[in-house]
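Presented below is the structure to which this report refers.
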Amino acid sequence: LQSELYDVSKAIADSKQVDVKLASFKAVCLSTVSTADTSSLMSSSLRLTYLSVGDVDLLNQTWSRGGNEQCRRYITNLISCFPSVCVRDDKGNPVSWSMMDQFATMCHGYTMPEHRRKGYNRLVILTLARKLQSRGFPCQGNIVDDNTTSINLAKSIHGDFLPCRFHRLILTPPSFSGQVHP
């Protein structure tokens with residue numbers, strides 16, 4: 001990130017009454033993913049499948065930047081266009097998931113709170129990584145600096161943290177943020 005890029009972007013955004021936030025992530029890459037058996041992580045009442053457009057509202061509610069129509073459309077497009085992996089309960093509800101975005105990055109990984117610490121995120125990440133590798137895509141992701149659970153998971157599956165960082169400037173017009181500017 002060039003040193004002045006955020007400051008210049010913020011100044012321009014302020015002049016246009018647009019909110020700007022800087023998000024910074026650790027870049028991680030998974031080299032060849034082992035074909036180790038992960039089926040032991042699945043109970044008989046769970047299914048390993050993919051996300052569908054019917055899951056969009058849940059993903060929009062659980063995503064840290066979600067909760068609005070713009071994010072809902074974005075997630076719908078990701079689900080429609082790119083690979084994903086999802087663990088579903090016996091009623092077909094998503095329990096844990098991850099998908100790929102337009103940058104060929106594994107993203108939007110999440111496990112519902114009542115299903116955490118059971119290995120489902122590990123299963124989802126490894127399954128999606130194998131799927132991406134089999135199609136010739138790199139297995140890469142970005143993890144928010146304070147997400148120690150995901151950082152520890154990446155380390156446990158031998159993810160390589162790259163010396164570079166991934167930065168995203170998030171620009172939100174007042175009509176999407178609910179802010180009213182004078």
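What's counted below: heavy atoms across the whole structure, side chains too, no hydrogens, waters or symmetry copies.
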Can you check whether [X] reaches [Y] side chain to side chain, under 4.5 Å on heavy atoms?
| X | Y | result |
| --- | --- | --- |
| Val124 | Cys86 | no |
| Met100 | Phe137 | yes |
| Met106 | Leu132 | yes |
| Ser45 | Asp89 | no |
| Pro83 | Arg135 | yes |
| Val95 | Arg88 | no |
| Tyr110 | Ser96 | no |
| Asp19 | Lys10 | no |

Hey, are [Y] and [X] close enough side-chain-wise for a donor-acceptor pair under 3.5 Å?
| X | Y | value |
| --- | --- | --- |
| Tyr74 | Glu69 | no |
| Arg117 | Thr111 | no |
| Trp97 | His108 | no |

Those residues that, when tested against Lys131, pass salt bridge (charged side-chain N to carboxylate O under 4.0 Å, His left out) (two or more places apart):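 For Lys131 there are no salt bridge (charged side-chain N to carboxylate O under 4.0 Å, His left out) partners, ignoring immediate neighbours.
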Salt bridge (charged side-chain N to carboxylate O under 4.0 Å, His left out) partners of Asp57, counting only residues at least two apart: Arg72
Looking at [Y], is its backbone amide N or carbonyl O close enough to the side chain of [X] to form a donor-acceptor pair, meaning the two atoms are under 3.5 Å apart?
| X | Y | value |
| --- | --- | --- |
| Ser156 | Leu153 | yes |
| Ser15 | Ile12 | yes |
| Ser98 | Cys107 | yes |
| Gln102 | Leu78 | no |
| Asn152 | Thr149 | no |
| Asn60 | Gly66 | no |
| Gln133 | Ser31 | yes |

At what distance, to the nearest 0.5 angstrom, does [atom1] of [X] lie from [atom2] of [Y]?
| X | Y | atom1 | atom2 | value |
| --- | --- | --- | --- | --- |
| Asn121 | Leu126 | CG | CG | 9.5 Å |
| Leu48 | Leu123 | CG | CG | 5.0 Å |
| Leu30 | Ile157 | CG | CD1 | 4.5 Å |
| Thr62 | Met112 | OG1 | CE | 6.5 Å |
| Asn142 | Leu162 | CG | CG | 9.0 Å |
| Lys26 | Asn147 | NZ | CG | 11.0 Å |

Can you list, by chain and residue number, the hydrophobic cluster partners of Ile143 when the side-chain cut-off is 4.5 Å?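 Val28, Ile151, Phe161, listed by chain and number.
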Is there a side-chain contact (heavy atoms from CB on, under 4.5 Å) between Val56 and Ile79? Walk through the geometry before answering. CA-CA 8 Å; Val56 168; Ile79 291 171; 3.8 Å; yes
Kindly write out the residues that satisfy side chain to side chain donor-acceptor pair (under 3.5 Å) with Ser84, not counting sequence neighbours, or none if the list is empty. none
Could I get the full list of ring pair (Phe, Tyr, Trp, His ring centres under 6.0 Å) partners for Tyr50, not counting sequence neighbours? none
If two hydrophobic side chains count as joined below 4.5 Å and joins carry through other members, does Val53 share a cluster with Leu51? yes
If a pair satisfies salt bridge (Lys or Arg N to Asp or Glu O under 4.0 Å) and one of its residues is in residues 145-164, list it, with sequence neighbours excluded.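 Sorted result for residues 145-164: Asp145-Arg165.
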